[in-house]
Visitor: 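Questions regarding the structure given below will be posed in turn.
To find a chain, count down the sequence lines: A is the first, B the second, and so on, and within it residues start at 1.
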Protein chains: 2
Amino acid sequence: MRDRPATEARILEAAQAILIAAGPGGFGVNAVAREAGVDKQLIYRYYGGLDGLLEALGVRLAQWWQEKLMAGLPQTPVENYGELIELLALQLLHIVRSEPLALQSLLWELTGSESFVKSLSASRARAYGAWMAGVRGGLEPPEDVDAPAINALLIAAISQIALAGRQADTIIGLPTNDPATWDRLEKSLLRLVRGVYARP
Amino acid sequence: MRDRPATEARILEAAQAILIAAGPGGFGVNAVAREAGVDKQLIYRYYGGLDGLLEALGVRLAQWWQEKLMAGLPQTPVENYGELIELLALQLLHIVRSEPLALQSLLWELTGSESFVKSLSASRARAYGAWMAGVRGGLEPPEDVDAPAINALLIAAISQIALAGRQADTIIGLPTNDPATWDRLEKSLLRLVRGVYARP
DNA sequence: CACCATTGTCACCGATTGGTGATATCAATA
DNA sequence: TATTGATATCACCAATCGGTGACAATGGTG
């Protein structure tokens with residue numbers, strides 16, 4: 001060993017692993033050190049304590065979100081603003097359904113009061129914006145639609161649905177384990193999008 | 001004192017107070033006992049420990065949700081299914097915006113793995129159903145709309161928006177503290193509802 | 001080779017957690 | 001009044017938490 005950069009990386013990886021496995025609640029200096037096979041003293045030396053480690057983990061998560069979102073950029077140009085939002089919604093739904101880290105990250109934004117949590121929320125919001133900017137040509141939402149508010153509601157719905165399906169075995173009344181449930185939710189999600197961003 | 005029923009009630013009240021003030025994370029035997037001004041031993045005697053107390057708190061929360069929802073039953077008969085959902089959405093938005101207990105309860109459903117959490121989710125779902133049953137006359141949703149899925153998404157959106165606005169000072173990009181933000185969200189929420197449950 | 005800063009290890013601290021056993025105190029009954 | 005059973009209190013336990021100081025091993029530099 002005796003390789004500080006490598007050790008720092010190991011610690012950060014372990015932190016992410018702990019977050020995925022145990023969530024924000026199970027996160028702590030001892031758990032991370034144990035997972036990384038490293039003395040916790042090094043966490044204090046290299047990251048200045050728990051806060052510093054969280055800060056570093058925060059920027060890592062922000063990058064992660066950016067990458068995951070950008071991975072779903074449509075290849076073919078879209079025709080109107082509504083279709084854009086449809087794609088974003090589907091991409092986000094796919095991420096939160098397939099990536100445990102996404103859910104734990106969202107959960108952290110809801111439960112944590114640390115400062116890095118706020119910057120994480122802001123970074124994720126920026127990632128959405130970057131996605132939009134990267135795709136929309138000159139596409140504009142209909143004038144009579146409050147696009148930011150509508151989109152926020154849609155993103156919120158997707159996030160909450162995924163979070164709720166994590167622990168409970170029923171969402172409002174729909175069975176969580178049934179794949180048909182998620183088909184219905186996806187179709188209904190698109191239906192909501194099309195309802196506001198009227199399609200030709 | 002020396003009044004078991006009163007002591008039990010005090011403990012349960014304290015438990016709810018702790019939940020409101022500190023959330024699921026700060027919940028514990030010691031905190032509740034301290035808040036109630038009671039030795040924690042009594043929690044073990046009367047509720048059989050932390051699990052039993054949670055169980056009792058769960059049924060209390062379920063009743064609470066039922067009451068809060070039912071308090072918003074419309075007086076005048078509604079004309080169609082869409083208007084019904086509009087009212088439910090507005091009522092729910094009002095609850096989660098004005099009642100801290102609602103948010104902490106929702107948060108618990110997302111974070112807790114205890115068994116009572118699942119029954120709480122189920123109870124809340126039943127409360128929605130009871131609300132609907134109490135209001136809809138012979139009203140039916142449009143045939144081509146998957147009402148349960150749509151409604152689940154709408155409820156999810158409302159829950160998540162309120163939860164996100166609790167800690168972060170910006171929801172996706174909308175400033176949390178600005179009252180105008182919530183006006184926009186409410187209007188856009190109704191817009192989503194009307195988009196699917198097409199109005200005359 | 002000797003020095004010294006960096007890297008890693010170990011042992012400990014006070015505080016808090018969920019949980020338990022023994023004991024004091026009271027109210028009603030015999 | 002003496003006994004008894006329920007109610008309340010206190011002291012303690014092992015485990016874990018975040019955090020710190022002292023010490024051992026290492027590798028490059030003079």
Visitor: May I ask you to verify whether the side chain of A:Arg4 and the base of C:dT7 hold a donor-acceptor pair under 3.5 Å?
Guide: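 Side chain to base: no pair present.
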Visitor: Students often mix this up, so state it plainly: with edges at 30° and 60°, are the rings of B:Trp108 and B:Phe116 parallel, tilted or perpendicular?
Guide: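 Rings of B:Trp108 and B:Phe116: perpendicular, as their planes differ by over 60°.
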Visitor: Looking at B:Val32 and B:Ala14, what are the two nearest heavy atoms and their distance?
Guide: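 Looks like O-CB, 3.8 Å.
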Visitor: Table please: side-chain donor-acceptor pairs of residues 173-180 of chain A below 3.5 Å, with sequence neighbours left out.
Guide:
from     : atom 1 : to       : atom 2 : distance (Å)
A:Thr176 : OG1    : A:Ala168 : O      : 3.2
A:Thr176 : OG1    : A:Asp169 : O      : 3.2
A:Thr176 : OG1    : A:Thr170 : N      : 3.0
A:Asp178 : OD1    : A:Ala180 : N      : 3.0

Visitor: Given D:dC17, is OP1 or OP2 found less than 4.0 Å from the side-chain N or O atoms of A:Arg34?
Guide: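 Checking A:Arg34 against D:dC17: at least one side-chain N or O falls below 4.0 Å of OP1 or OP2.
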Visitor: Would you jot down, in residue-number order, the residues of residues 10-33 of chain A having a non-hydrogen atom under 4.0 Å from DNA chain C?
Guide: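 Contacts with DNA chain C under 4.0 Å: none.
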Visitor: Is there a side-chain contact between A:Thr7 and the phosphate of C:dT7, meaning an N or O under 4.0 Å from OP1 or OP2?
Guide: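 No.
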Visitor: How close do A:Ala56 and A:Tyr47 get, counting heavy atoms only, and between which atoms?
Guide: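 Answer, listing the atom of A:Ala56 first, then A:Tyr47: CB-CE2, 3.7 Å.
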Visitor: Identify the residue among A:Arg194, A:Lys187, A:Arg191 that makes a salt bridge (Lys or Arg N to Asp or Glu O under 4.0 Å) with A:Glu86.
Guide: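 Exactly one candidate clears the test, A:Arg194.
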Visitor: List the atom of A:Glu109, the atom of A:Ser121, and the distance in Å for their closest heavy-atom pair.
Guide: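 Shortest heavy-atom contact: OE1-OG, 2.7 Å.
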Visitor: How close do A:Ala130 and A:Gln66 get, counting heavy atoms only, and between which atoms?
Guide: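 Minimum heavy-atom separation between A:Ala130 and A:Gln66: CB-NE2, 4.0 Å.
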Visitor: Please list, in numerical order, the residues of residues 37-54 of chain A that have a heavy atom closer than 4.0 Å to any atom of DNA chain C.
Guide: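 Listed by number, they are A:Asp39, A:Gln41, A:Leu42, A:Arg45, A:Tyr46.
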Visitor: Classify the side-chain pair B:Asn151/B:Tyr197 by whether it contains a donor and acceptor separated by less than 3.5 Å.
Guide: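 Yes, B:Tyr197 and B:Asn151 have a side-chain donor paired with an acceptor closer than 3.5 Å.
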